[in-house]
Amino acid sequence: MKPFARRRSRNLLLASLVVVAIWYWLRWIDLGLGRPSIMSGYLLYGLVVFLALFNLRKKLPTLPLGNASLWLQVHIYVGLVAGAVFGLHLAFRVPNGWFECLLATSFMMTFISGLVGLVISRRVPHLLNRVSQQVVYERTPKLRRMLAERSRSAVLESVASSGATTLADFYTHRLFDFFARARPFGYFIRPSSTRRKRLLADMHQLDRYLSPPEKSACEQLYSMVRKKDDLDFQEIQQRRVKVWLFAHIALTYILLVMATMHGVMVLAYRGDVL
């Protein structure tokens, strides 16, 4: 068994044992005529607060609070434990009352977004390894402009050298938008290399009609089309991570506010809060 798989199995086993221990603890409280829902609520609130601290840890990388990878592992498995405690808190039933339903929905959305983030964090690095050169997300617009300028310069030089406009006409109708603009929203939903393959195939068919200077420029455009497609692919994958992170953090803070309100109302109803 690989070290990663061994570590994951060990952590899952530990998280499962913690959930079983919590279940026995709540069962013991119930048998003692206590209020297991109150205690599980305290525990669940504490777990959510702890999970929210992960974002604070990332904003304070210089403090000696342990490395980020350890915090990430703890965050993942504490989140899984919190999902189980949430089910125990509700006794795996649909909650009563509109606010409780909203709170449960908020928790489920946050929990599911965490699972989605777990998949993204495992999948995106493998996808980015497919491209020839990885770039920082913030540099993407600048690199896109540079590729657009280089492609136009290559075509204009071919026209000046040969006087032919076959490649220039093709560039105007087929390649200008590709180099000048970002991909449409549909590409964010389902990125593919279909457009890249189509453009390269059309350029290959066009090659027989080009003059020598245009063929030289077309070879440069081949490379630029591949680089632009790789750049778009990286931008979309990195943007997915950023969009997910923004949504997950926002849902977490909404959950914290609603959980705090819920706790205050429950304690006030019991007479513990004036």
Side-chain angles (χ1 to χ4, degrees), residues 1-16 19 47-61 65-87 104-141 143-144 182-196 227-256:
M1 182 181 295
K2 296 181 179 180
F4 176 78
R6 188 183 303 114
R7 184 185 65 184
R8 181 173 56 188
S9 300
R10 180 194 63 204
N11 292 342
L12 284 173
L13 176 61
L14 180 60
S16 301
V19 171
L47 291 174
V48 172
V49 170
F50 176 80
L51 291 169
L53 291 176
F54 181 57
N55 183 51
L56 180 62
R57 164 63 184 82
K58 291 192 294 184
K59 293 181 178 180
L60 301 172
L65 300 174
N67 59 67
S69 60
L70 176 61
W71 271 78
L72 177 59
Q73 289 299 309
V74 173
H75 184 82
I76 291 171
Y77 291 100
V78 170
L80 294 175
V81 171
V85 174
F86 172 74
T105 301
S106 176
F107 183 91
M108 290 303 301
M109 290 177 64
T110 307
F111 183 77
I112 292 172
S113 71
L115 295 179
V116 171
L118 181 60
V119 174
I120 289 177
S121 66
R122 296 292 186 269
R123 179 173 173 79
V124 167
H126 294 290
L127 293 175
L128 292 180
N129 285 334
R130 298 179 181 178
V131 299
S132 57
Q133 182 180 5
Q134 297 186 21
V135 299
V136 179
Y137 177 80
E138 288 73 17
R139 294 191 61 208
T140 302
L143 294 175
R144 184 185 297 115
R183 293 296 183 92
F185 182 74
Y187 188 79
F188 176 83
I189 302 300
R190 188 180 180 183
S192 71
S193 59
T194 302
R195 188 176 183 185
R196 165 181 172 168
K227 289 181 179 180
K228 173 59 165 56
D229 188 70
D230 286 346
L231 192 65
D232 290 339
F233 184 76
Q234 290 186 71
E235 181 185 32
I236 289 301
Q237 297 301 332
Q238 294 172 354
R239 185 181 299 170
R240 283 179 169 181
V241 174
K242 291 181 177 295
V243 169
W244 163 78
L245 184 60
F246 176 82
H248 186 60
I249 293 175
L251 289 170
T252 299
Y253 286 131
I254 292 172
L255 175 60
L256 277 173

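From a predicted model like this one, the values you see are computed outputs, not experimental measurements.
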Student: Where is the tightest heavy-atom contact between Tyr187 and Asp232, given as atom of each residue plus distance?
Tutor: CE2-O, 3.9 Å
Student: CZ of Arg123: more than 12 outside heavy atoms within 6.0 angstrom?
Tutor: no
Student: Kindly indicate, with the supporting measurements, whether the criterion side-chain contact (heavy atoms from CB on, under 4.5 Å) is fulfilled by Leu231 and Arg183.
Tutor: CA-CA 10 Å; Leu231 192 65; Arg183 293 296 183 92; over 6 Å; no
Student: Once you round to the nearest 0.5 Å, how far does CG of Leu47 lie from CG of Leu80?
Tutor: 11.5 Å
Student: Begin from the C-alpha positions of Tyr77 and Leu14 and carry the test side-chain contact (heavy atoms from CB on, under 4.5 Å) through to its verdict.
Tutor: CA-CA 9 Å; Tyr77 291 100; Leu14 180 60; over 6 Å; no
Student: Kindly write out the residues that satisfy side chain to side chain contact (heavy atoms under 4.5 Å, CB included) with Arg122, not counting sequence neighbours, or none if the list is empty.
Tutor: Phe4, Gln73, Ile76, Leu118
Student: Would you give the length of the straight line joining atom OG1 of Thr252 to atom CZ of Phe111, rounded to the nearest 0.5 angstrom?
Tutor: 12.5 Å
Student: Do you know the tightest heavy-atom contact between Leu72 and Phe54?
Tutor: N-CE1, 3.7 Å
Student: Search all heavy atoms of Val243 against all heavy atoms of Phe188 and return the closest pair with its distance.
Tutor: CG2-CZ, 4.4 Å
Student: Taking side chain to side chain contact (heavy atoms under 4.5 Å, CB included) as the test, write out the residues that go with Val19, two or more places apart.
Tutor: Val81, Ala84
Student: Are Val74 and Phe50 close enough, and set up right, to give a side-chain contact (heavy atoms from CB on, under 4.5 Å), and what steps lead you there?
Tutor: CA-CA 10 Å; Val74 173; Phe50 176 80; 3.6 Å; yes
Student: Between CD1 of Ile236 and OH of Tyr137, what distance do you get to the nearest 0.5 Å?
Tutor: 8.0 Å
Student: Sequence neighbours left out, what passes salt bridge (Lys or Arg N to Asp or Glu O under 4.0 Å) with Lys227? Give chain and number order.
Tutor: none
Student: Suppose we screen for side chain to side chain donor-acceptor pair (under 3.5 Å). Which residues come up paired with His75, at least two apart in sequence or across chains?
Tutor: none
Student: What residue pairs, at least two apart or across chains, pass salt bridge (charged side-chain N to carboxylate O under 4.0 Å, His left out) with a residue in residues 235-250?
Tutor: Glu138-Lys242, Arg144-Glu235, Glu235-Arg239
Student: Which side-chain hydrogen bond (donor to acceptor under 3.5 Å, both in side chains) pairs, counting each pair once, include a residue from residues 105-119, with sequence neighbours left out?
Tutor: Ser113-His248
Student: Can a salt bridge be assigned to the pair Asp230 and Arg196 using a cut-off of 4.0 Å between side-chain N and carboxylate O?
Tutor: yes
Student: May I ask you to test the Thr140-Gln234 pair for a side-chain heavy-atom distance under 4.5 Å?
Tutor: no
Student: At their closest point, which heavy atom of Val131 faces which heavy atom of Phe233, and how far apart are they?
Tutor: CG1-CD2, 4.0 Å
Student: Closest heavy-atom contact between Leu128 and Gln134?
Tutor: O-NE2, 3.3 Å
Student: Could you tell me the separation between the CD1 atom of Ile249 and the CH2 atom of Trp244, rounded to the nearest 0.5 Å?
Tutor: 7.5 Å
Student: Minimum heavy-atom separation for Pro125 and Ile120, please, with both atom names.
Tutor: CD-O, 4.0 Å
